[in-house]
Trainee: 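Before we start, here is the structure in question, set down as structure tokens.
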Amino acid sequence: MKDGRKTGIPLHQQVRQALLETIGRGEFTAGAPFITERKLCEQFGVSTTTAVRVLNDLVAEGVLVRHRARGTFVAEPASAADSPNTSPEDRSDKTIACILQAHGRHETRLLDGVKDASTELGYRMLLSYSDGEPDREEAALRSAMQSGVRGIVLYPVDGSASLNMLAEVRRQQVPVVMVDRYRPDIPTDAVVADNLAVGYQVTEQLIQLGHERIATLWNETECTSVRDRLTGHIHALKDNGVPVRPELTVLRSYVPGSDSARDGTVETLLKMASPPTMLLCSNGYVLARVAEDLVAMGMSVPGTVDLAGMDDAGPFDILPLTAVAGVLPSRQMGYDAMQLLHTRIVSPEPYQDVQHKILPIEVRTRAGAPGHLRVVVD
């Protein structure tokens with residue numbers, strides 16, 4: 001879209017439409033390998049995030065199909081029963097909704113798991129994104145219900161949004177399985193990582209490396225994954241005889257959406273009388289911002305201060321840059337969520353004895369990695 005961007009139309013929709021037109025002209029036949037993410041970025045001049053979003057949308061719509069270890073291909077023509085003109089009533093027996101927060105690496109792998117299980121079980125999927133906005137999440141839930149879906153996989157936004165809408169979904173006996181975190185204010189099934197354990201294990205590894213002044217930095221602050229990680233972090237400090245310093249463990253939002261709101265946070269921490277030697281970030285997005293701030297301050301990493309991450313969700317692979325990092329079981333989380341949703345769909349009582357499935361997070365250290373990065377400021 002380098003030379004022909006259409007104002008008012010989101011870029012990913014422009015690229016999606018252009019690809020649909022190339023398929024319609026027969027440039028890619030059914031069963032043929034499709035354009036890769038890399039070539040899509042080069043051809044349309046878009047970011048990897050946009051390319052991934054477009055391809056994911058086309059897969060969810062049934063235009064493309066992914067085969068593990070082989071790549072992405074043009075799907076065979078849909079049958080009449082699968083036509084977009086088919087009424088919701090005719091499609092709903094095998095249609096589920098998947099509502100995700102964003103388009104990052106974690107969400108992409110999570111979506112791959114949902115799609116793999118959906119394909120195995122014979123379900124179609126309606127995909128939508130809330131972009132972390134409560135209003136968009138509620139609109140997506142409402143749209144899913146209007147489409148007559150049999151169940152919903154939901155990556156909920158931060159906070160207690162959509163409570164009335166979720167209560168209505170439950171009243172209508174449409175099962176919901178949450179992923180990544182759960183909602184303590186409404187009982188639903190959930191598939192989550194062991195956030196309490198990762199908060200504990202990452203902190204214990206840092207203590208073993210000699211760090212006792214560890215500052216925590218977060219983005220979301222009102223979701224169970226964050227609260228559980230903070231609890232694990234505090235327990236690890238206490239169990240290892242390290243004082244819990246409130247000024248370092250405060251639950252504050254470091255990436256609230258505007259750079260100005262986080263200005264000075266890292267600088268203030270490092271100017272303390274006894275500054276932290278480790279900045280423990282909730283995820284890769286926070287870690288990326290912290291690294292930017294440290295570079296702007298003229299500091300190298302690792303140096304006076306080092307970085308760690310509680311999970312690897314973020315704009316890039318954070319593992320080479322961290323002393324310790326947790327690795328999310330993203331794809332397994334999505335796969336297990338869809339499998340659990342199927343059992344609820346075929347159950348006469350979809351909300352009876354709801355359960356939370358907890359998956360382990362792998363913890364990796366810099367010492368155990370084949371290589372690592374160092375940010376050096378001249």
Trainee: By salt bridge (charged side-chain N to carboxylate O under 4.0 Å, His left out), which residues pair with Asp306, not counting sequence neighbours?
Mentor: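 If we apply the salt bridge (charged side-chain N to carboxylate O under 4.0 Å, His left out) test to Asp306, skipping adjacent residues, the hits are Arg366.
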
Trainee: Please list, one pair per line, the donor and acceptor atoms closer than 3.5 Å that link side chains of residues 271-279 to other protein atoms, with sequence neighbours excluded.
Mentor:
from: Lys271; atom 1: NZ; to: Glu267; atom 2: OE2; distance (Å): 2.9
from: Thr277; atom 1: OG1; to: His211; atom 2: ND1; distance (Å): 2.8

Trainee: Say you draw a straight line from CG of Asp158 to CH2 of Trp218; how long is it, rounded to the nearest 0.5 Å?
Mentor: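 Here the rounded value is 12.5 Å.
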
Trainee: Listed by chain and number, what are the side chain to side chain donor-acceptor pair (under 3.5 Å) partners of Glu107, not counting sequence neighbours?
Mentor: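 Glu107 satisfies side chain to side chain donor-acceptor pair (under 3.5 Å) with no other residue.
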
Trainee: Looking only at atom types and distance, does a side-chain atom of Asn283 sit under 3.5 Å from a main-chain N or O of Val286, one as donor and one as acceptor?
Mentor: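 Looks like yes, one N/O pair under 3.5 Å.
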
Trainee: Please write out which residues are connected to Val52 in a hydrophobic cluster, directly or through intermediates, given that two of Ile, Leu, Val, Met, Phe, Trp, Tyr count as joined at side-chain heavy-atom separations below 4.5 angstrom.
Mentor: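 Traced through the cluster, Val52 reaches no other member.
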
Trainee: Assess whether side-chain hydrogen bond (donor to acceptor under 3.5 Å, both in side chains) is satisfied between Glu168 and Gln172, documenting all intermediate values.
Mentor: CA-CA 6 Å; Glu168 177 62 19; Gln172 295 191 33; 2.7 Å; yes

Trainee: Checking Arg171 against Tyr351: charged group under 6.0 Å from the ring centre and within 45 degrees of the axis?
Mentor: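 Here Arg171 fails the 6.0 Å and 45° test against Tyr351.
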
Trainee: Got a donor-acceptor contact below 3.5 angstrom from the Ser147 side chain to the Val149 backbone?
Mentor: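 No, because the side chain of Ser147 does not come within donor-acceptor range (under 3.5 Å) of the backbone of Val149.
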
Trainee: Decide yes or no for Ile99 and Leu141: does some side-chain heavy atom of the first lie under 4.5 Å from some side-chain heavy atom of the second?
Mentor: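 Ile99 reaches Leu141 side chain to side chain.
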
Trainee: For Thr203, enumerate each residue passing the side chain to side chain donor-acceptor pair (under 3.5 Å) test, keeping only those at least two apart in sequence or located in another chain.
Mentor: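 By the side chain to side chain donor-acceptor pair (under 3.5 Å) rule, Thr203 matches His233.
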
Trainee: Just by distance, do the side chain of Arg150 and the backbone of Ile345 share a donor-acceptor pair under 3.5 Å?
Mentor: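 At least one qualifying donor-acceptor pair exists.
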
Trainee: Taking the side chain from Ser143 and the backbone from Ala139, do they hold a donor-acceptor pair closer than 3.5 Å?
Mentor: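 Absent.
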
Trainee: With side-chain contact (heavy atoms from CB on, under 4.5 Å) as the test, pick out the partner of Pro187 among Val354, Val176, Asp353.
Mentor: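 Result: among Val354, Val176, Asp353, Val354 is the only option passing the side-chain contact (heavy atoms from CB on, under 4.5 Å) with Pro187.
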
Trainee: Should Gln201 and Val198 count as side-chain neighbours, where that means a heavy-atom distance under 4.5 Å?
Mentor: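 Answer no - side chains too far apart.
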
Trainee: Give, for atom OG1 of Thr22 and atom CD of Gln17, the distance between the pair rounded to the nearest 0.5 Å.
Mentor: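 Rounded to the nearest 0.5 Å, the OG1-CD separation comes to 10.0 Å.
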
Trainee: Are side-chain heavy atoms of Leu270 and Val305 found at a separation under 4.5 Å?
Mentor: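 Counting from C-beta outward, Leu270 and Val305 do come under 4.5 Å.
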
Trainee: Run through Val324, Leu280, Leu294 and flag the one making a side-chain contact (heavy atoms from CB on, under 4.5 Å) with Leu307.
Mentor: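 The residue from Val324, Leu280, Leu294 that satisfies side-chain contact (heavy atoms from CB on, under 4.5 Å) with Leu307 turns out to be Leu294.
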
Trainee: Quick one, Arg252 and Leu217 - any side-chain contact, counting heavy atoms below 4.5 Å?
Mentor: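 Heavy-atom side-chain distance check passes, below 4.5 Å.
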
Trainee: Out of curiosity, Leu19 CG to Leu64 CG, how far, rounded to the nearest 0.5 Å?
Mentor: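 Answer for the CG-CG pair, Leu19 versus Leu64, is 8.0 Å.
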
Trainee: Quick check for you: to the nearest 0.5 Å, what is the distance between Tyr155 atom OH and Arg181 atom CZ?
Mentor: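 The distance works out to 4.5 Å.
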
Trainee: How many angstroms lie between atom NE2 of His342 and atom CD1 of Ile96, to the nearest 0.5 angstrom?
Mentor: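 If we round to the nearest 0.5 Å, His342:NE2 and Ile96:CD1 are 12.0 Å apart.
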
Trainee: Holding to side chain to side chain donor-acceptor pair (under 3.5 Å), I want the full list of residues that pass it with Ser47, two or more places apart in sequence or in another chain.
Mentor: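 For Ser47, the residues satisfying side chain to side chain donor-acceptor pair (under 3.5 Å) (neighbours in sequence not counted) are Thr50.
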
Trainee: Are any non-hydrogen side-chain atoms of Leu251 and Arg227 less than 4.5 angstrom apart?
Mentor: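 Yes, their side chains come closer than 4.5 Å.
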
